[in-house]
Amino acid sequence: MAKKWYLYAKKADFKGIAERLSIDPVTVRVLRNRDIEGDEEIRRFLFGGLDELEDESRLPDAGRAVRIIAEKIREQKPIRVVGDYDIDGVCASYIMVTVLRSLGAKADFVIPDRIRDGYGINSRIIEEAGEAGINTLITVDNGISAIDELRLAKELGLTVVVTDHHEIRRDADDAELIPEADAVVDPKLSSSAYAMKDICGAVVAWKLARLLLREFNGDEELWLSLLPFAAIATVGDVMPLKSENRIIVREGLKRINESRRKLNTGLYELIRACGLLDKELSAYHIGFVIGPCINAGGRLETAYDAMEIFLSGSHKEAEALALHLKDLNDERKAMTERGVEEAAALAEGEFSKDKVLLIELPKLHESLAGIVAGRIRERFSKPAIVITDTDTKGVSKGSGRSIENYNMFEGLLREQDIFIKFGGHPMAAGLSLNTDRIGELRLRLNRHCGLKEDDLCEKIWIDAELPFSYITEGLINELSSLAPFGNGNERPLFAQKELRASDLRVLGKNKNVLRFLLRNREGRALPAVMFGEAEELSRRLVEKDTFSALYYPQINEFNGRRSIQLTVLDFI
């Protein structure tokens, strides 16, 4: 896959800001590259704590929602929380149910089935709530787009409180389509005074939970104990790690790492099942180890196991659930790998000239289509749509992931006559269509995409050219303090020209680690490591007289000794 390196060229008074805040100018440059600028914003990014979170009462309809829910609790009216099957929906459901029950509410929950129900609240869930004598529905991480469904709820006489974080649908005149509900809490509403719009559904629930607890003079420590779930959902739902999201994730991870035995029983057992009890958890562990286990139930079975593990107070019960979720995730990974390899073979063969990849994998589990599409997008730097799940009526479903230079939603919108149903946003979409029209869709998407070869190059952004002489343990420690890294706050990347490699060694049982010395033109050498097909990487490096390398510096600890080491991500 073709790659292009780009060097950030954003301007600021790096030296002056560094002197005022007593930090390194390189750190200031990295923050400016992420659009963190101004002394106060940088200070908050580096040092802000929970006392600097935004006032939850600024969420739209928050006060009304609290008054309604508080009244239902006092009157002992049955309340049902309606969540979602992904990590954000599960964490939001757990937060809301836990706080409601702590306040004496008669509260239960429902989580839609991914295959049977699809995303969000639906008419079946609403009708079953009415038949069960439920008085009030509270949606978490869904509901804002359920216009027809919540109209039905009101017709059945149900009280409805929507808590969500998704975009607001609009009509042909660009007016907001807001569901008929007694309160609608969503930071993306135009009426919202809440400055941070990009918070996840679990954070919305966590913020509303604090107001509920205060209404009843509840325990603030209970609210703080739920912080890890707000943090896990923020990472798992790929929210930008800026502003209060960064504070929530950093402080949530700190709480997870400081005292494992004080953690929620289910979370403790899930960490143990993943072999992470003796490790300091980072955003990486949440995003790529813990989070996928929470999601696995909702993908391959139901999300109820993920809810039950967090609600369980028994270590024995939670251990069994944790091991089951881990087994499900291992199965999901194996299924995903098979799907990726099958899709990659088609992308390299039959569809190699296509700029928009539309790949049929009829045997792939429907819930994995988006994951496989994302992996194919990453491997080929092309928009990818994976079609699966042909039913008996000749209807197929698909999920797509896009690249920066292609608005997938607009691309599908141009071909909307071909779909039974579709939706999404610029970077991702879902769709269904008659199976016999898949070939037609492939032709039309590629004919109308407007993509040029240059658009299909992966863009890699470099924070600065960083000479070896500037790399110190102090700088590395300061750059490490910018963690947690993730969406909107990527790990700092640096580059250097005119380098040479020597003392190359291929390591690892799978020969996937290459260790070597990286030497600059002044002759200074630093230990370096690369991961991948090590023998091929070694061959390519040996063939080059000099090269440029993309890397980040780290501290390597071995046998009690600390040394600087460069992790090299790419070279040209």
Side-chain angles (χ1 to χ4, degrees), residues 56-57 59-85 88-90 92-101 103 105-113 117-171 175-192 194 200-209 211-212 215 307:
E56 41 277 323
S57 66
L59 284 165
D61 264 3
R64 183 182 303 157
V66 167
R67 289 192 295 274
I68 291 168
I69 297 169
E71 180 182 349
K72 302 300 182 180
I73 293 173
R74 292 183 176 110
E75 293 176 354
Q76 285 291 283
K77 302 290 187 183
I79 299 171
R80 177 162 290 173
V81 175
V82 182
D84 188 29
Y85 44 69
D88 190 17
V90 168
S93 299
Y94 172 70
I95 289 169
M96 187 60 70
V97 168
T98 298
V99 169
L100 289 173
R101 289 177 177 176
L103 297 174
K106 294 174 63 178
D108 66 9
F109 63 91
V110 167
I111 298 178
D113 182 275
D117 298 313
Y119 166 74
I121 193 168
N122 58 38
S123 57
R124 180 189 64 79
I125 290 171
I126 291 166
E127 289 167 354
E128 288 181 356
E131 292 168 3
I134 297 298
N135 175 272
T136 300
L137 294 175
I138 302 174
T139 71
V140 292
D141 190 35
N142 75 97
I144 196 65
S145 62
I147 307 298
D148 295 336
E149 293 84 355
L150 294 183
R151 185 181 298 120
L152 171 63
K154 295 309 297 174
E155 289 171 358
L156 293 177
L158 292 165
T159 298
V160 179
V161 174
V162 171
T163 79
D164 202 349
H165 72 118
H166 291 99
E167 299 289 343
I168 316 301
R169 289 171 57 185
R170 293 180 177 271
D171 64 16
E176 288 181 325
L177 291 171
I178 302 174
E180 293 179 25
D182 299 270
V184 179
V185 185
D186 187 323
K188 288 194 172 73
L189 284 163
S190 61
S191 61
S192 176
Y194 201 84
C200 67
V203 169
V204 175
W206 186 61
K207 290 300 195 83
L208 193 65
L211 294 174
L212 271 171
E215 173 73 14
M307 268 295 284

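Please read all numbers here as calculations on a predicted model, not as lab measurements.
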Run the salt-bridge test on E180 and K154 with the 4.0 Å N-O cut-off and return the result as yes or no. no
Quick one: do the H165 and D141 side chains pair a donor with an acceptor below 3.5 Å? yes
Closest contact, heavy atoms only, P112 versus G120: CG-O, 3.5 Å
Quick one, K106 with E75, criterion salt bridge (charged side-chain N to carboxylate O under 4.0 Å, His left out). Give me CA distance, side-chain angles, the key distance, then yes/no. CA-CA 10 Å; K106 294 174 63 178; E75 293 176 354; over 6 Å; no
Measuring only between side-chain heavy atoms, which start at C-beta, is T136 closer than 4.5 Å to I69? no
Heavy-atom pair of closest approach, residues V162 and T139: CA-OG1, 3.2 Å
Return yes if some donor-acceptor pair links the side-chain N/O of D182 with the main-chain N/O of V161 below 3.5 Å, else return no. no
Sub-4.5 Å side-chain heavy-atom contact between V82 and I111: no
Just verifying a value: how many Å separate L103 CG and I73 CD1, rounded to the nearest 0.5 Å? 5.0 Å
Does the side chain of D148 reach to within under 4.5 Å of the side chain of R151, using non-hydrogen atoms? yes
To the nearest 0.5 Å, atom CG of D186 lies from atom CG of D61 at 10.5 Å
Atom CZ in R67, atom CG in L212: separation rounded to 0.5 Å? 12.0 Å
To check you understand the geometry: which heavy-atom pair defines the closest contact between G201 and D88, and what is its length? N-OD2, 2.8 Å
Would the distance check show the side chain of S192 and the main-chain N or O of K188 forming a donor-acceptor pair, the cut-off being under 3.5 Å? no
For the student: nearest non-hydrogen atoms of Y94 and M307, plus distance: N-SD, 3.5 Å
With side chain to side chain contact (heavy atoms under 4.5 Å, CB included) as the test, would you mind laying out the steps for L137 and I121 before giving the verdict? CA-CA 10 Å; L137 294 175; I121 193 168; 4.0 Å; yes
Would a distance-only check, ignoring hydrogens and angles, find a side-chain to backbone donor-acceptor pair under 3.5 Å from R169 to S145? yes
Where is the tightest heavy-atom contact between G143 and D164, given as atom of each residue plus distance? N-OD2, 3.3 Å
Measure the CG-CD1 distance between L208 and I95 for me, rounded to the nearest 0.5 Å. 11.0 Å
For the student: nearest non-hydrogen atoms of R80 and A129, plus distance: NH1-CA, 3.7 Å
Between N135 and L158, does a side chain to side chain contact (heavy atoms under 4.5 Å, CB included) hold up when you go through it step by step? CA-CA 6 Å; N135 175 272; L158 292 165; 5.9 Å; no
How far does OH of Y119 sit from OH of Y85, to the nearest 0.5 angstrom? 8.5 Å
Given the rule in the side chain to side chain contact (heavy atoms under 4.5 Å, CB included) test, do L59 and K207 qualify, once you have shown the distances and angles that lead to the verdict? CA-CA 9 Å; L59 284 165; K207 290 300 195 83; 3.8 Å; yes
Taking the side chain as C-beta and beyond, is there a heavy-atom pair between I144 and P179 under 4.5 Å? yes
Please confirm whether the backbone N or O of A105 pairs with a side-chain atom of Q76, one donor and one acceptor, at under 3.5 Å? no
Give the intermediate values and the outcome of side chain to side chain contact (heavy atoms under 4.5 Å, CB included) for residues I134 and D108. CA-CA 10 Å; I134 297 298; D108 66 9; 4.3 Å; yes
Check ion pair D117-R124 (N to O, under 4.0 angstrom): yes
Taking atom CE of M96 and atom OG1 of T163, what is their separation to the nearest 0.5 Å? 5.0 Å
Less than 4.5 Å apart, side chain to side chain, heavy atoms only: is that true for I126 and L156? yes
Look at the side chain of D84 and the backbone N and O of G89, then say whether any donor-acceptor pair between them is shorter than 3.5 Å. no
Less than 4.5 Å apart, side chain to side chain, heavy atoms only: is that true for V204 and P187? yes
Hey, does L189 have a side-chain heavy atom less than 4.5 Å from the side chain of V184? yes
Taking C-beta and beyond as the side chain, do V110 and V81 meet within less than 4.5 Å on heavy atoms? no
